[in-house]
Amino acid sequence: MTTLPLSHIKVLDLTAHRAGPTAVRQLADWGASVVKIEPPPEPGSNTDAMGGSRHGFDFQNLHRNKRAITIDLKSAEGKRIFFQLAEKADVIVENMRSTVKHRLGIDYEAVRKVNPRIVYGSISGFGQDGPYAARPGVDQIAQGMGGLMSITGLPGQAPVRVGIAIADLTAGNLLARAIMMALFDRTRT
């Protein structure tokens, strides 16, 4: 049996929606040991963060090769458990609005205090600072604001989004590559 290239890497997955889970799925497919940290579910809910079924094909595809644990990061006990896991992790990936991780106290600087070698991967629709940093961002917003929707569809028709979540998928794949480069660089620095 062949050992996968990331079989020695431990990842904490704090992602939801599509871009972040796409990045972590790549790491999991390459052999990383991934623990997906999920918030407590809404009472009676059987849906993921996108509103789809946890047992549906989309959720299963985005979260394949991952284990999951429910942790309430808003509680002191949840935060304690998170930081115990973070001490032994190699990578943390999140795709929250830039202000949320700071409000929860699980941002890079906080994690770095317990694990100076952590690789902290982050996707946010509008970056980590700047005038739109606190805004949520999803694929359709990126397609519209970036101009992609203006070149799809038929002449004379209103803007049309691309048939797949191209911005989210691209962002996730690029973040997976960036994390790989950071892990590689960490071996030399």
Side-chain angles (χ1 to χ4, degrees), residues 6-56 58-129 132-138 168 171-172 175-176 178-179 182-183 186:
L6 295 184
S7 60
H8 62 292
I9 298 297
K10 294 179 180 139
V11 178
L12 297 182
D13 178 2
L14 295 167
T15 66
H17 310 293
R18 183 161 313 276
T22 296
V24 180
R25 179 186 61 199
Q26 299 303 311
L27 304 175
D29 285 352
W30 295 328
S33 174
V34 175
V35 176
K36 179 174 171 24
I37 297 175
E38 300 179 343
E42 298 292 324
S45 176
N46 187 33
T47 62
D48 70 353
M50 292 174 24
S53 171
R54 293 183 61 81
H55 303 291
D58 198 40
F59 185 92
Q60 295 297 310
N61 178 42
L62 282 170
H63 302 292
R64 66 180 180 236
N65 298 323
K66 301 176 185 179
R67 294 172 292 148
I69 185 172
T70 299
I71 299 176
D72 183 357
L73 293 172
K74 294 176 183 175
S75 73
E77 176 70 2
K79 211 167 294 184
R80 184 186 65 74
I81 293 167
F82 169 77
F83 280 105
Q84 282 181 332
L85 294 169
E87 280 183 278
K88 294 178 173 65
D90 295 290
V91 177
I92 293 175
V93 185
E94 61 83 18
N95 65 328
M96 305 168 190
R97 283 176 287 124
S98 65
T99 56
V100 173
K101 62 183 160 280
H102 295 286
R103 187 175 67 238
L104 291 172
I106 59 168
D107 55 279
Y108 171 72
E109 292 300 329
V111 172
R112 191 175 78 149
K113 289 176 184 172
V114 300
N115 184 346
R117 291 181 46 81
I118 196 72
V119 171
Y120 196 101
S122 184
I123 293 179
S124 106
F126 295 98
Q128 301 303 308
D129 53 29
Y132 292 159
R135 291 180 63 176
V138 294
D168 282 347
L175 179 59
I179 289 168
L183 287 168
R186 188 179 78 171

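Keep in mind that what you see is a predicted model, and the values were worked out from it rather than measured. For reference, positions follow the sequence shown, starting with 1.
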> Pairing donors with acceptors under 3.5 angstrom, does anything connect the side chains of Thr15 and Glu94?
no
> Among pairs that include at least one residue of residues 75-92, which meet side chain to side chain donor-acceptor pair (under 3.5 Å), considering only residues two or more places apart or in two chains?
Glu77-Arg80, Arg80-Gln84, Asp90-Arg186
> Could you work out, with side chain to side chain donor-acceptor pair (under 3.5 Å) as the rule, every residue matching Ser33, not counting sequence neighbours?
Arg67
> When you look at Phe82 and Leu12, which way does the side chain to side chain contact (heavy atoms under 4.5 Å, CB included) test go after all the steps?
CA-CA 9 Å; Phe82 169 77; Leu12 297 182; 4.1 Å; yes
> Check whether any side-chain heavy atom of Val35 sits under 4.5 Å from a side-chain heavy atom of Lys66, and report yes or no.
no
> May I ask you to test the Phe83-Val111 pair for a side-chain heavy-atom distance under 4.5 Å?
yes
> Please list, chain by chain and in numerical order, all residues satisfying salt bridge (Lys or Arg N to Asp or Glu O under 4.0 Å) with Arg112, sequence neighbours excluded.
Glu109
> Looking only at heavy atoms, what is the nearest atom pair of Ser98 and Ala134, with distance?
OG-N, 4.0 Å
> With side chain to side chain contact (heavy atoms under 4.5 Å, CB included) as the criterion, how do Leu183 and Val91 come out once you've worked through the C-alpha distance, each side chain's angles and the decisive distance to 0.1 Å?
CA-CA 8 Å; Leu183 287 168; Val91 177; 3.9 Å; yes
> Got a donor-acceptor contact below 3.5 angstrom from the Asp29 side chain to the Asn65 backbone?
no
> Does NZ belonging to Lys10 count more than 12 external heavy atoms closer than 6.0 Å?
no
> Distance from His17 atom NE2 to Asp168 atom CG, nearest 0.5 Å?
9.5 Å
> Would you say Lys36 and Pro21 make side-chain contact, with heavy atoms under 4.5 Å?
no
> Verify, without hydrogens or angle tests, whether Asp13 (side chain) and Ile92 (backbone) share a donor-acceptor contact under 3.5 angstrom.
no
> I'd like to know whether Val93 forms a side chain to side chain contact (heavy atoms under 4.5 Å, CB included) with Val34, so could you lay out the CA-CA distance, the side-chain angles of the two residues, the decisive distance to 0.1 Å, and finally the verdict.
CA-CA 10 Å; Val93 185; Val34 175; over 6 Å; no
> At what distance, to the nearest 0.5 angstrom, does NZ of Lys101 lie from CD1 of Ile106?
8.5 Å
> At what distance, to the nearest 0.5 angstrom, does CD1 of Ile37 lie from CD1 of Ile71?
4.5 Å
> Would you check if the side chain of Asn95 reaches a backbone N or O of Ser124 as a donor-acceptor pair within less than 3.5 Å?
no
> Quick one: does Asp58's side chain get under 4.5 Å of Arg18's, heavy atoms only?
yes
> Might you work through the side chain to side chain contact (heavy atoms under 4.5 Å, CB included) test for Arg64 and Arg25, ending with a clear yes or no?
CA-CA 7 Å; Arg64 66 180 180 236; Arg25 179 186 61 199; 3.5 Å; yes
